[in-house]
Amino acid sequence: MTINETRNKLKAGEITSKSLVESLVKTFEDDKASSMPLNAFLEMYDDAVAKAEAADKAIAEARAAGTLDKLFEEKPLLGLPFANKDNISVRGKHLTCASKILEGYVAPYNATVISRLEDKGAIPLGRCNQDEFAMGSSTEYSCYGPTRNPVNREYVSGGSSGGSASAVAANMAVFGLGTETGGSVRLPASYCGIYGLKTTYGVLSRWGVVAYGSSLDQVGLLGHSPKDIAEPLSYMAGADFYDDTSADLPNAENLKNLTAMSDDEIKALKIAIPKQFLETKGLDPEVGEKFAETRAWFESKGASITEVDLPVLDASIAAYYVIALSEAASNLSRFDGIRYGGRVDNGNGYDELYVDTRSTGFGPEVKRRIVIGNYVLSEQFSGTTYKKGMTVRARIQREMAELFKSYDIVLCPTCPTPAFKLGQKVDDPLEMYLSDMYTVFVNLARITSISVPAGNTKAGLPVGMQFAGPMFGEEKILRLAQSWFEK
């Protein structure tokens, strides 16, 4: 059910929040005991049922007093459970980033996005699997094992927010939170056949979110419809005292009751398609067919479509990984076995403790990225590599800002391929990195983008298309996505 459908049933007394949460917990337990579990949730929070009972009590009291509408005006998400990624802090709950090095760590406070959702009555249901420290495109790089795709369990769910995407797609949560550094919400949304939004950098506070690449990281949302993304976004968005990079979202109030674009509004759209994405050699033919169908739909509505030349996009993957891995190496230096998390101490002094702890605690993909990041930041390469990556990034930002002076959205596939089989790319990091070729330009430019379901391949695997908009253009792309949803 959508947020609105679930809320209406709660208000009408057709269901209770407790029954809903208990049914989801049972689904999780039954799935965990199956021969091929999704492994979407790592655990259900032990107080989720108690919070649901409190919500039911508040609803019953308001119904008796005739103030039910007022209650839901104050707490519009009351009693609604959502999935949370394992790198977003929930006070008193485990937070491990799917890494052995944080085994047993308990978050001392709520992330701002969690607090703001709870203030509106939403219930954190449990923490979801992810690639270790959000480094991956398939949710196979997790110390808890891979997350499976609910459409076909022999395939990956995408990453790094694959656990949250799988949970939403499998109807194990009403909506879900993920994080994005280079496509980690949109990619699993595409693979699992749901909607996934990457917000403008700063719109959602990063306070309480474990850092991977600080200048790129952003919280994102996953849902069955654009409305299921827009409403929670309206409550979470805005400047935060604890995050100096946070910013208010213009017209956030309009997202609470999202309306689809009219035919006249779609007809007036000017859409850009980068030629660089049309010439990609790795584009799967069936994804190409779905892209052509998406383009034809816009043309049938009268929208103006132009193929634009943006040569700088050819350098986006290289620039992204130079910047992201450099920042990752810096951010992960804090995991030293001294302050928090796991520790391997053989009594040989700090240097050995540091090496032993990190060698044991980090998985192979995280180690690979730390090594590359430190190599890039080394004295002899930082000037020619890291600074060049930042120069390319600045140019991408300028060119995308200039593009949006003439165009409303950028249209392209979310990923060059549908989901691949578990284990197919796990030992080929370069092939895995190329999964992000259509998504990273959005993070580098700090703009917003949404992945929308665009049908299935002949094998039944979902394909996603991407509507990218300018900075703070969430309302526009969500309204367009709602029109796509209702078509």
Side-chain angles (χ1 to χ4, degrees), residues 1-11 15 17 20-21 24 40-41 55 72 75-85 88 113-114 116-118 120-126 128 150 157-158 161 163-180 185-186 188-199 203-204 219-237 249 252-261 414 448-454 462 464-467 474-487:
M1 294 186 294
T2 65
I3 286 176
N4 202 44
E5 289 170 343
T6 308
R7 179 167 48 218
N8 288 339
K9 288 183 178 292
L10 287 170
K11 291 174 72 174
I15 62 171
S17 179
L20 176 60
V21 170
L24 296 176
F41 278 101
F72 275 93
K75 294 184 177 293
L77 301 180
L78 186 63
L80 300 181
F82 67 91
N84 184 47
K85 191 175 178 180
I88 302 175
V113 291
I114 297 294
R116 290 179 176 177
L117 286 175
E118 287 200 295
K120 297 302 180 182
I123 299 171
L125 182 61
C128 290
S157 61
S161 305
S164 295
S166 182
V168 172
N171 298 310
M172 297 173 74
V174 179
F175 65 96
L177 296 185
T179 61
E180 271 252 10
V185 167
R186 288 164 289 155
S190 175
Y191 285 175
C192 293
I194 58 176
Y195 290 81
L197 176 72
K198 185 271 177 192
T199 53
V203 159
L204 294 178
V219 177
L221 295 102
L222 296 140
H224 285 289
S225 73
K227 285 187 177 181
D228 286 353
I229 288 173
E231 187 175 351
L233 173 62
S234 71
Y235 305 130
M236 291 190 293
L249 176 62
E253 288 292 315
N254 296 342
L255 299 177
K256 294 177 182 177
N257 295 292
L258 188 73
T259 58
M261 279 188 177
T414 304
T448 184
S449 180
I450 187 169
S451 177
V452 303
M465 292 295 141
Q466 192 174 189
F467 305 158
E474 278 79 358
E475 182 185 8
K476 178 183 289 184
I477 64 168
L478 281 165
R479 291 190 64 218
L480 178 58
Q482 187 63 30
S483 300
W484 177 265
F485 175 78
E486 295 177 6
K487 71 181 174 68

If we only count heavy atoms from C-beta on, is the [X] to [Y] side-chain gap below 4.5 Å?
{"X": "Lys120", "Y": "Arg116", "value": "no"}
{"X": "Tyr235", "Y": "Leu255", "value": "no"}
{"X": "Leu125", "Y": "Leu24", "value": "yes"}
{"X": "Leu249", "Y": "Leu233", "value": "yes"}
{"X": "Tyr191", "Y": "Ser157", "value": "no"}
{"X": "Lys227", "Y": "Leu478", "value": "no"}
{"X": "Leu221", "Y": "Met236", "value": "yes"}

Check [X] against [Y] and note the closest heavy-atom contact, atom names and distance.
{"X": "Ser166", "Y": "Pro150", "result": "OG-CD, 3.4 Å"}
{"X": "Phe82", "Y": "Pro124", "result": "CE2-N, 3.5 Å"}
{"X": "Leu197", "Y": "Ser449", "result": "CD1-O, 3.5 Å"}
{"X": "Ala230", "Y": "Leu258", "result": "CB-CD2, 3.9 Å"}
{"X": "Leu20", "Y": "Gly79", "result": "CD2-O, 4.4 Å"}
{"X": "Phe175", "Y": "Ile3", "result": "CD2-CD1, 3.9 Å"}

Is a side-chain donor or acceptor of [X] paired with a backbone partner of [Y] at a separation under 3.5 angstrom?
{"X": "Thr199", "Y": "Val219", "value": "yes"}
{"X": "Ser161", "Y": "Thr179", "value": "yes"}
{"X": "Asn4", "Y": "Asn8", "value": "no"}
{"X": "His224", "Y": "Met1", "value": "no"}
{"X": "Trp484", "Y": "Arg479", "value": "no"}
{"X": "Asp228", "Y": "Thr2", "value": "no"}
{"X": "Glu180", "Y": "Arg186", "value": "yes"}
{"X": "Ser164", "Y": "Leu177", "value": "yes"}
{"X": "Ser234", "Y": "Glu231", "value": "yes"}

Once you round to the nearest 0.5 Å, how far does [atom1] of [X] lie from [atom2] of [Y]?
{"X": "Ser225", "Y": "Tyr195", "atom1": "OG", "atom2": "OH", "answer": "7.5 Å"}
{"X": "Ile15", "Y": "Arg7", "atom1": "CD1", "atom2": "CZ", "answer": "12.0 Å"}
{"X": "Ser190", "Y": "Met465", "atom1": "OG", "atom2": "CE", "answer": "7.5 Å"}

* Asked: Under 6.0 Å from the CD atom of Glu486, do we count more than 12 heavy atoms belonging to anything else shown?
  ->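 Counting neighbours around CD of Glu486, more than 12 heavy atoms of other residues, nucleotides or ligands fall under 6.0 Å, so yes.
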
* To do: With side-chain contact (heavy atoms from CB on, under 4.5 Å) as the test, would you mind laying out the steps for Ser17 and Ile123 before giving the verdict?
  => CA-CA 9 Å; Ser17 179; Ile123 299 171; 3.6 Å; yes

* Asked: So, Lys198 and Glu474, do they make that salt bridge, N to O below 4.0 Å?
  ->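 Salt bridge between Lys198 and Glu474, a charged N being under 4.0 Å from a carboxylate O: no.
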
